[in-house]
Amino acid sequence: MVGALPGALAATGWEMRVLLPAYRVVRAAAAGWAVVWHEADLWGGPGQVLAGEVAGVPLLLLDAPHLYDRDGGPYAGASGDHPDNAVRFAALSWVAARMAREGLDGWKPDILHAHDWQAGLAPAYLAYHGTGGVKSVMTVHNIAFQGWAPAHMLGVLRLPGHAFHPGALEYFGGISSLKAGLVTADRVTTVSPTYAAELMRPEFGMGLQGVIAARGAAVSGILNGVDTAVWDPSREKTAYDLKAMVGKAVARAQLCEAFGLEVPGPLAIVVSRLTDQKGIDLLPGVIPDFVLGGGGLIVLGSGDAGLEGAMRDLAARFPGRVAVQIGYDEALSHRLFAGADAVLVPSRFEPCGLTQMYGLRYGTLPVVSLVGGLADTVIGASPAALAAGVATGITFQPVDGLAFGRALTQLLEFYRQPKLWAKLRANAMAQPVGWEASAAAYAGLYERLIA
Ligand code: ADP
């Protein structure tokens with residue numbers, strides 16, 4: 001989102017600069033960038049901010065090697081979460097708030113837009129150390145990640161003791177940087193309208209439902225888009241579009257060949273983190289009947305070791321019909337969307353979700369659970385939607401094997417009706433899934449905020 005939104009927003013007249021930690025790989029790519037900010041004391045060492053541009057996006061990198069120049073991913077190393085995550089992201093938030101408040105070489109932002117728990121303290125630092133006239137927006141991408149720290153760190157994190165109560169910073173006896181952002185930001189957004197409503201309910205709010213509900217009118221949901229230049233069937237090797245679909249058939253044949261599959265019915269894919277959130281554990285219960293009905297499946301993903309094993313078992317049970325590749329492979333995922341007939345997204349919760357939107361764009365029918373952004377992007381093939389000719393996929397609820405199995409039965413039936421199938425596919429491919437609408441919505445939010 002921080003890569004795509006600035007470009008889309010530029011068309012509305014908003015100029016956005018993105019601040020990121022200079023993680024090891026990022027730092028290496030920023031050699032020679034200008035130093036535009038010095039910070040003497042960032043929890044155990046100094047930091048500086050480098051300025052540059054990547055793919056047209058103005059980028060600010062917080063270079064503090066003692067916090068970010070290390071092995072592993074952004075949040076975790078080989079032995080789990082980095083133990084100093086609370087201060088690593090307090091530092092990012094601190095510098096963001098200071099630069100916003102004080103301005104940078106003649107550039108003074110109107111709004112600080114913070115994303116997820118990593119930036120949650122930025123609105124809090126504005127609120128408790130002075131806003132400098134800057135408004136703030138807090139966006140929740142996934143409420144499952146809340147940035148928890150023990151209460152004794154309050155002073156260390158430069159947060160005021162008077163705010164340590166349940167109405168402000170305290171969260172179940174500790175500190176949650178996400179909650180800090182939610183209670184102090186001028187506006188709260190999340191990445192789909194349905195997720196915004198769901199977050200106020202205990203089944204989805206993960207403890208923060210009361211906090212979100214209390215912000216009431218300040219909360220809204222704005223759908224993410226997908227990068228339509230990167231995700232474009234007419235730019236794949238087996239290029240196709242609505243007017244000439246033969247490339248999709250070629251891609252399907254190549255996929256079956258590569259994975260040793262022979263599938264008379266619909267070929268479905270899953271491209272996903274393999275976690276409970278994504279409902280991957282439902283697949284072993286529903287895929288046998290789907291295969292019996294003529295369907296096939298390719299799974300690309302990694303994550304939970306038990307689910308990886310369950311996917312491998314499924315492939316072993318149905319050779320020639322089910323294939324699994326464990327790992328993260330973006331090039332392969334393009335080939336999968338180009339060649340498959342359907343993409344399965346049975347998530348238990350889904351703030352926005354991207355793969356169902358790739359599915360729409362590629363005419364790879366999304367079969368999705370009716371939660372969060374999935375509910376906001378796919379028009380399910382209900383009798384009414386079919387009669388009106390507007391369906392773009394198949395939706396099901398509740399998120400269980402019975403409903404999912406029924407959805408797959410529907411998929412098999414639709415696939416046997418070429419005219420209906422072509423209509424569904426055309427509807428899907430005609431859906432706008434780019435960033436334009438999202439950018440306009442964010443621009444509207446920003447304008448109302450500074451008015
Ligand atoms: P989440 O952010 O919860 O994982 P999203 O659907 O919002 O789910 O985004 C996931 C992104 O990661 C999508 O672009 C998806 O294609 C990609 N992705 C997930 N797993 C893999 C994988 N194994 N290989 C390639 N891309 C993947």
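Residues meeting the side-chain hydrogen bond (donor to acceptor under 3.5 Å, both in side chains) test with Thr12, sequence neighbours left out: none. With sequence neighbours excluded, no residue satisfies ring-ring contact (aromatic ring centres under 6.0 Å, His included) with Trp435.
Counting only residues at least two apart or on different chains, the side-chain hydrogen bond (donor to acceptor under 3.5 Å, both in side chains) pairs with a member in residues 79-89 are Arg70-Asp84, Asn85-Arg88.
Using cut-offs of 30° and 60° for the angle between ring planes, the Trp231 and His334 rings count as parallel. Using cut-offs of 30° and 60° on the angle between ring planes, the pair His113 and His115 is parallel.
A donor-acceptor pair under 3.5 Å is absent between the side-chain atoms of Asn427 and the main chain of Thr392, judged by distance alone.
Put simply, the side chain of Tyr68 reaches to within 4.5 Å of the side chain of Leu62, judged on heavy atoms. Leu374 is listed as a side-chain neighbour of Ser369, based on a closest heavy-atom distance under 4.5 Å. Contact check for Leu412 versus Arg416: side-chain heavy atoms found under the 4.5 Å cut-off.
Checked by atom type, the side-chain pair Thr189/Ser220 shows no donor-acceptor distance below 3.5 Å.
Remark: Arg361 engages Asp232 in a salt bridge, criterion side-chain N to carboxylate O under 4.0 Å.
Considering Asp376, Asn142, Leu223, Asn224 in turn, Asn224 is the only one that fulfils the side-chain contact (heavy atoms from CB on, under 4.5 Å) rule with Val191.
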